[in-house]
Amino acid sequence: MDEIRVRIAPSPSGNLHIGTARTALFNYLFARKNGGKYVLRIEDTDAERTSQAYIDNIFDSLKALGLNWDEGPDVGGEYGPYTQSERFDIYPKYAQILLDKGFAYECYCTPEELEAEKEEAAKNKQAYVYSKKCENLTEEQKEKLKAEGRKPAIRFSVSKAQQAFHSSPVIHFNDLVKGDLHQDTSLIGDFVIMKSNGTPTYNFAVVVDDMLMKISHIIRGEDHISNTFKQILIYEALGADVPKFGHLGMILAPDRSKLSKRHGATAVSEFVEKGYLTEALLNFVALLGWSPSDGVEIKTLDEIAQDFRIGEVSSSNSIFEYDKLNWMNGQYIKKMDIKKLTEMAKPFLKKYDLSELSEEQLEKVIAATREPITILSELEHDTAYFFGKDIEYDEGVKAENIDTEQAQNILKYFDSQLDSYDFDNEEKLHEQMADFRTYFKENYGIKPKVTMWTIRAALTGRTRGADMGVILEVLGKDKVKYRIEKAIA
RNA sequence: GCUCCCAUCGUCUAGAGGCCUAGGACACAUCCCUUUCACGGAUGCGACAGGGGUUCAAAUCCCCUUGGGAGUACCA
């Protein structure tokens, strides 16, 4: 096992979760940094909870994030198929090997019997461990049970595997991020590896797949630590090399509970719909657990991959706070190519008739409004006054910035000068506006700031917004005149 | 309940015994820049969970307590 191979193995029982995205990212980074392969496998053994829409969402989200896989369901690869439901015929073979080696046995217990065992354990305040009552069934007993119509599940004999490969019931492994981890296997009950319906359980399917796909390093969430001990035993029982494991802390909500819809978005696609850029999302999520050696936090995927070391990843949980994500998203919005950004902004501007503006004008609008925003959805509000004929006034703006005597004078004068302004010449218009401000400053002592504020209020209904030059230019003389005259009482 | 993991500013983190009167980023506050708002810049506020050890020396190592998280399925 010298080739480095990692995988991301999402279960399509929901859209791609931000936590899964981070796990995918760290696997991707590890593969890139170490010249390995990164594979995608879909774990859909539970048909009940799987849907094609989720599979599509997972593919799309991963691609949008730039986490492209070297092998996977769509691109194929040497070790396919990469969808578990297409591998159902291979698990029984390995279960049989375990049966033959004596590391597994058939279990004919009914759900009711199992339930009774659990209740008994709970009553005695004992940790539940399967009773092993089916471990030594004779052939006659099995036949009898089968005759009753019972279908067996296959259980893994934890104690037999432990005794065969470890001198102590307490087994250890060296985790890539957490270091030495241990568990007393006598506390692990003989668990089911093949359900009575013939499908594998998670713990069995992952091992078989990871083994067959020659996965060398398994990087995943720490919620899998307890599974790891079971999996190590299966690898050993199968006679396979045990891969290296690395467990990442979880991503928690600000209240330290599991991140759920109640805290806002959880799926990558939801973040995108809200106006987050996948680049920012990815960069942000990388910082949850990992930190750059040079202190520069805004980095491309490639840059992060260069600097990534799995052993330096934080082993504790981290909380998902929007503040920094928002800031980072804003940074990406400011730096993004304007044409690309304009394209991305369009879905957020559905409310408006975009045909009012040329592509060039729209770009100007976006360029002028991108600065203060943090997420794309803010664009709808911030660009409102560029569309339509009439505008809505923010609260208080009319009374404070338009209806005063001074404001009215400014507006009237502006209106009288309008015809002489050259809206087709950016530079000239800029000069003319400067003259306009100077006029009020020199003749009436009105600060340029106030003069501009008045015009802005009349034109946009607000006291904050894009650069005045851009507003004038994009609106054009007719609209400007219309709004100014409307503001004059 | 049992088992496992984790523990530095509000949050993300740097820190692998002396370089730490603990550094950076976000957020927050103030100031500067500016034709508005913003961007940007500067400054400030702000943490080693608690208690025991080990050591000449501990945020860094050990133990206990507390707190948080995870697992405990014929879910993945």
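The model shown is predicted, which means the values in this text are computed figures rather than measured ones. Labels below follow one simple rule: chain letters A, B, ... track the order of the sequence lines, proteins then strands, and each chain is numbered from 1.
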State which of [options] makes the closest approach to the side chain of [X].
X: R456(A); options: rU36(B), rA14(B), rU35(B); result: rU36(B)
X: D223(A); options: rA38(B), rC75(B), rA70(B); result: rA70(B)
X: E297(A); options: rA38(B), rC39(B), rA25(B); result: rA25(B)
X: T201(A); options: rG69(B), rA76(B), rU35(B); result: rA76(B)

For [X], give me all partners under side-chain contact (heavy atoms from CB on, under 4.5 Å), at least two apart in sequence or on another chain.
X: T404(A); answer: Q406(A), A407(A)
X: R262(A); answer: D255(A), S257(A), S260(A)
X: Q52(A); answer: I55(A), D56(A)

[X] ring center near [Y] ring center (under 6.0 Å):
X: F440(A); Y: F436(A); value: yes
X: F103(A); Y: Y105(A); value: no
X: F284(A); Y: Y276(A); value: no
X: F26(A); Y: H217(A); value: no

Using atom [atom1] of each nucleotide, how far apart are [N] and [M] to the nearest Å?
N: rU66(B); M: rA22(B); atom1: C1'; result: 24 Å
N: rA16(B); M: rU21(B); atom1: P; result: 14 Å
N: rC20(B); M: rG15(B); atom1: C1'; result: 9 Å
N: rU8(B); M: rG23(B); atom1: C1'; result: 11 Å
N: rA27(B); M: rU60(B); atom1: C1'; result: 28 Å
N: rC61(B); M: rC45(B); atom1: C1'; result: 33 Å
N: rU43(B); M: rU54(B); atom1: C1'; result: 42 Å
N: rG17(B); M: rC28(B); atom1: P; result: 37 Å

Looking across every strand, which nucleic acid part, if any, lies under 4.0 Å from [X] by heavy atom: base, sugar-phosphate, or nothing?
X: Q331(A); value: sugar-phosphate
X: K118(A); value: sugar-phosphate
X: G289(A); value: sugar-phosphate
X: T451(A); value: nothing
X: R155(A); value: sugar-phosphate
X: H17(A); value: nothing
X: R437(A); value: base
X: D44(A); value: nothing
X: G249(A); value: nothing

Salt bridge (charged side-chain N to carboxylate O under 4.0 Å, His left out), that's the test. Do R309(A) and D307(A) meet it? Break it down for me. CA-CA 7 Å; R309(A) 281 153 313 245; D307(A) 199 23; 3.6 Å; yes
Any residue meeting side chain to side chain donor-acceptor pair (under 3.5 Å) with K195(A), in chain and number order, not counting sequence neighbours: none
Between atom [atom1] in [X] and atom [atom2] in [N], what is the gap in whole Å?
X: D323(A); N: rU13(B); atom1: CG; atom2: C1'; result: 15 Å
X: F414(A); N: rU35(B); atom1: CZ; atom2: P; result: 18 Å
X: N326(A); N: rC26(B); atom1: CG; atom2: P; result: 13 Å
X: I319(A); N: rA27(B); atom1: CD1; atom2: P; result: 18 Å
X: L325(A); N: rA25(B); atom1: CG; atom2: P; result: 19 Å
X: W290(A); N: rU13(B); atom1: CH2; atom2: P; result: 12 Å
X: E321(A); N: rU13(B); atom1: CD; atom2: P; result: 12 Å
X: K230(A); N: rA70(B); atom1: NZ; atom2: C1'; result: 13 Å

The answer to which of K258(A) and A9(A) contacts RNA chain B further toward the 5' end, by nearest nucleotide, is K258(A)
Residue mapping more 5' on RNA chain B - nearest nucleotide basis, M468(A) or M194(A): M468(A)
Counterpart base for [N], defined by Watson-Crick or G-U wobble contacts under 3.5 Å:
N: rU60(B); answer: none
N: rG44(B); answer: rC28(B)
N: rG71(B); answer: rC2(B)
N: rU66(B); answer: rA7(B)
N: rU34(B); answer: none
N: rA22(B); answer: none
N: rC39(B); answer: none
N: rG17(B); answer: none

Measuring to OP1 and OP2 of [N], would you say a side-chain N or O of [X] lies under 4.0 angstrom away?
X: W327(A); N: rC26(B); result: yes
X: T45(A); N: rA76(B); result: yes
X: R370(A); N: rA38(B); result: no
X: S318(A); N: rU13(B); result: yes

Going by ring pair (Phe, Tyr, Trp, His ring centres under 6.0 Å), name the residues that satisfy it together with Y130(A), two or more places apart in sequence or in a different chain. none
How does each nucleotide of nucleotides 1-8 of chain B score, in 5' to 3' order, for protein heavy atoms under 4.0 Å: base (B), sugar-phosphate only (S), or none (-)? B-SSSSS-
Should the side chain of S196(A) and the base of rC74(B) be counted as holding a donor-acceptor pair, with the cut-off at 3.5 Å? yes
Ignoring hydrogens and angles, does a donor from either the side chain of R464(A) or the base of rU36(B) sit under 3.5 Å from an acceptor on the other? no
From the list Y54(A), W69(A), Y82(A), ring pair (Phe, Tyr, Trp, His ring centres under 6.0 Å) partner of F59(A) resolves to W69(A)
I need the R7(A) CZ to I218(A) CD1 distance, nearest 0.5 Å. 4.5 Å
